[in-house]
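Heads up, the thing below is written out as structure tokens.
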Amino acid sequence: MAPASKQPMSGLRSVKRDFSSSSLASASQGSAASEPDSIPWDPTPPRKLSGLEQRLKDIQDALNAQISSSETTLSQSQKRPSPSSQAPPAKRRQLPSTWQSKPEHAVQSSKPAYSSQASSSRAFGATRQVNTNETLVVPSASKSSAASKPAAVFLSQEQTHILRLVGAGQSLFYTGSAGAGKSVLLREIIKSLRKRYQKSPDAVAVTASTGIAACNIGGVTIHSFAGIGLGIESAEQLANKIKKNRKATTRWLRTKVLIIDEVSMVDGDLFDKLARIGSIIRKRPEPFGGIQVVVTGDFFQLPPVSKGMNSVKFAFEAEMWPQTIKKTFNLTKVFRQRDPEFVDMLNEMRFGRLSPKSIAKFKSLQREIVYEDGLGATELFPRREDVERSNTVRMSSINGKEQVYTAYDGGSIQDMQQREKMLANFMAPKRLVLKEGSQVMLIKNMDDTLVNGTMGKILGFVDPTAPPDDVGMLGDKPASKGTKDVKSAPAPVGRQLLPLVEFLQPGGSRRRIIVAPENWKVELPNGEVQVSRTQLPLILAWAMSIHKSQGQTLERVKVDLAKVFEKGQAYVALSRATSLDGLQVLNFDPSKVQAHPKVVEWSKTLETVADR
Ligand SMILES: Nc1ncnc2c1ncn2[C@@H]1O[C@H](COP(=O)(O)OP(=O)(O)OP(=O)(O)O)[C@@H](O)[C@H]1O
């Protein structure tokens, strides 16, 4: 292990103190360990059930509830009292209304994928068979809290310092290179703010520049929060528009903290407009009308999409930026990569200033990597078409019957176009086609070893009510690593089948788990669920778009730089990898690795936490 002073650090200026060696507990750590999950689960039954038993019982309960209740998640949220008046009612996962009658407010994006004739079999509450190998995924019942509790986070001293300042009401911006723990910190910030404002949940507005980024943090786009549509009019015109929209006005008035993630993709003019709109609506002269603003992102990553690179205006160039952001921090410790050589290479790349040594090293990564466990790298592409083509080709090379899982979508948005656009931001696809042998990636943090980005392979499809021995349901304790041939486990005819996945764990061990559906939603601060999706937390993982990979940590990555066309794209793609051993780079070309000169200049003004 590298000595503490050689821990991977990535700073814009020299670091005076190394916080990295002390893995201090975060300010919120004590509470993180003892705090209940944000979703209160049903009371634990008297007899302690095993994880799988509990899950199956929940499913059965859900089936029973489903028959007697017609409440939907949405109707539940609509019944919430005014958030300012009292604490919100406990959120709980619920089944939609009966399969026969479509939930009142849950719009099915297209013709329902199921028909009444095809719906008689009801072996498993969380999925619904349409024909022999097609399944409509419907929301499952609440799970035991252990089933999806990610590992506790120990924030670094840098992260803790920022968390404290946010708690003290400071408007600030924190940045840091890829893998410096910005998202991890943001999740802690959101958690602590929500706890603080639990009596007025719409006081905390969680937003991001893009739909995908917003989905990753359970928030909405900044456009959606602000109620500005495309936001092309002037601030005054937009404010007038908002005033006619009661919900949007209320949001602006009730918000006490506005979080903006992935700010590198927020246009500078938009930032100014938002700051001005806040002043107008809240009738206060300060930017954003005095709302505490917490901003994060890395300007060396993807730039604003609205304009061409020559006319790009970053958020830090906004007139209101210095008046809004009272403190700026640069996280220096990199967590994603442990190898200091790799961290330095990525940092050089971030600034677009590669040394001959790093260029030679990146070029040497052209080699083919053979993984003996049969799980290949995820190839990252700038364009979605390439991703689809690559995954399709690999799927068709596998023999075997397809198993199709169709997502169940809900939410309040009625406009089909807007709805489809928002749904497309979920990592989980509408239609997930799997086969035995498919390479998949988990897209949700389930526990300490099964996290977003964990790779696996489909071993087969099993009836979850009669699972093979030694196999747990997703989120349970690891099953034994026995070598039972689960592929041969026969699935009873007429039962709904779920994929049995063998996940690759850190250190090379395996974990076999039956994967059940999960739920994602885009929720406004007042609790209104705009869109939701219930689907298996899996995607095909031979290929992925760079855009969707932003925020991911991947063990095995392949990138062809010949296809990269935008500044920051190469950096985002390569920095997903955790090690040089798991990174293959084709057509490395230093000219593709460019940082925007404005960002480089601006970054010289940044301080590390240690500088303060
Ligand atoms: N305090 C911490 N202790 C241990 N691991 C951490 C800590 N903070 C972050 N990590 C880990 O480091 C990895 C990268 O973290 P994270 O995704 O938050 O970085 P990021 O700065 O948001 O990266 P990017 O800009 O590339 O999205 C993750 O695997 C995360 O679990």
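Order of listing sets the numbers, starting from 1, for every ligand and every atom in it.
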Pairs of donor and acceptor atoms involving the side chains of residues 537-549, under 3.5 Å and at least two apart or interchain, shall be tabulated with distances.
| unit_1 | atom_1 | unit_2 | atom_2 | d |
| --- | --- | --- | --- | --- |
| Ser545 | OG | Lys548 | N | 3.0 |
| Lys548 | NZ | Phe426 | O | 3.3 |
| Ser549 | OG | Ile546 | O | 2.8 |

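- Taking the centre and axis of the six-membered ring of Tyr371, the NZ or CZ atom of Arg556 falls inside the cone set by 45° and 6.0 Å.
- Of all atoms in ligand 1, listed by their number and element, those nearer than 4.0 Å to a heavy atom of Gln159 are 1 (N), 2 (C), 8 (N).
- Distances below 4.0 Å separate heavy atoms of Phe154 from the following atoms of ligand 1: 1 (N), 2 (C), 3 (N).
- Annotation for ligand 1: atoms under 4.0 Å from non-hydrogen atoms of Ser156 are 1 (N).
- Protein heavy atom nearest atom 25 (O) of ligand 1, with residue, atom name and distance: Lys182 NZ, 2.7 Å.
- With hydrogens and angles disregarded, no donor-acceptor distance shorter than 3.5 Å links the side chain of Thr175 to the backbone of Asn330.
- The protein heavy-atom contact nearest to atom 16 (P) of ligand 1 is Gly181 CA, 3.8 Å.
- Atom CD of Glu555 has 12 or fewer heavy atoms from other residues, nucleotides or ligands within 6.0 Å.
- Closest protein heavy atom to atom 9 (C) of ligand 1: Val184 CG2, 3.4 Å.
- Counting only heavy atoms of the protein, atom 17 (O) of ligand 1 lies nearest to Arg336 NH2, 3.4 Å.
- Remark: distances from the non-hydrogen atoms of Gln552 to ligand 1 are all 4.0 Å or more.
- Counting atoms of ligand 1 from 1 in the listed order, those under 4.0 Å from a heavy atom of Ser177 are 21 (O).
- For Gln301, the side chain to side chain donor-acceptor pair (under 3.5 Å) partners two or more places apart in sequence, or in a different chain, are Asp298, Gln550.
- When only interatomic distances are considered, the shortest N/O to N/O separation between Ala178 and ligand 1 does not fall below 3.5 Å.
- Listed by number with element, the atoms of ligand 1 under 4.0 angstrom from any heavy atom of Leu155 are 1 (N).
- Within the 4.0 Å heavy-atom criterion, the part of Gln301 lying near ligand 1 is the side chain and not the backbone.
- Remark: distances from the non-hydrogen atoms of Ala180 to ligand 1 include one below 4.0 Å.
- Taking any N or O of Gln550, backbone or side chain, none lies under 3.5 Å from an N or O belonging to ligand 1.
- Not a single N or O atom of Phe335, backbone or side chain, sits closer than 3.5 Å to an N or O atom of ligand 1.
- Of the residues listed (Phe329, Phe271, Trp321), the one engaging Phe173 in a ring pair (Phe, Tyr, Trp, His ring centres under 6.0 Å) is Trp321, and it is the only one.
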Q: Could you give me the CA-CA distance, side-chain angles and deciding distance for Asp373 and Leu504, then say whether side chain to side chain contact (heavy atoms under 4.5 Å, CB included) is met?
A: CA-CA 9 Å; Asp373 53 32; Leu504 192 63; 3.5 Å; yes
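- Scanning the protein for heavy atoms near atom 23 (O) of ligand 1, the closest one is Gly179 N, 2.9 Å.
- A side-chain N or O of Glu348 and one of Ser355 form a donor-acceptor pair less than 3.5 Å apart.
- The shortest N or O to N or O distance between Glu262 and ligand 1 is not below 3.5 Å.
- Side-chain N/O atoms of Asn452 and Asn445 include no donor and acceptor closer than 3.5 Å.
- At a 4.0 Å cut-off, not a single heavy atom of Asp298 sits close enough to ligand 1 to count as contact.
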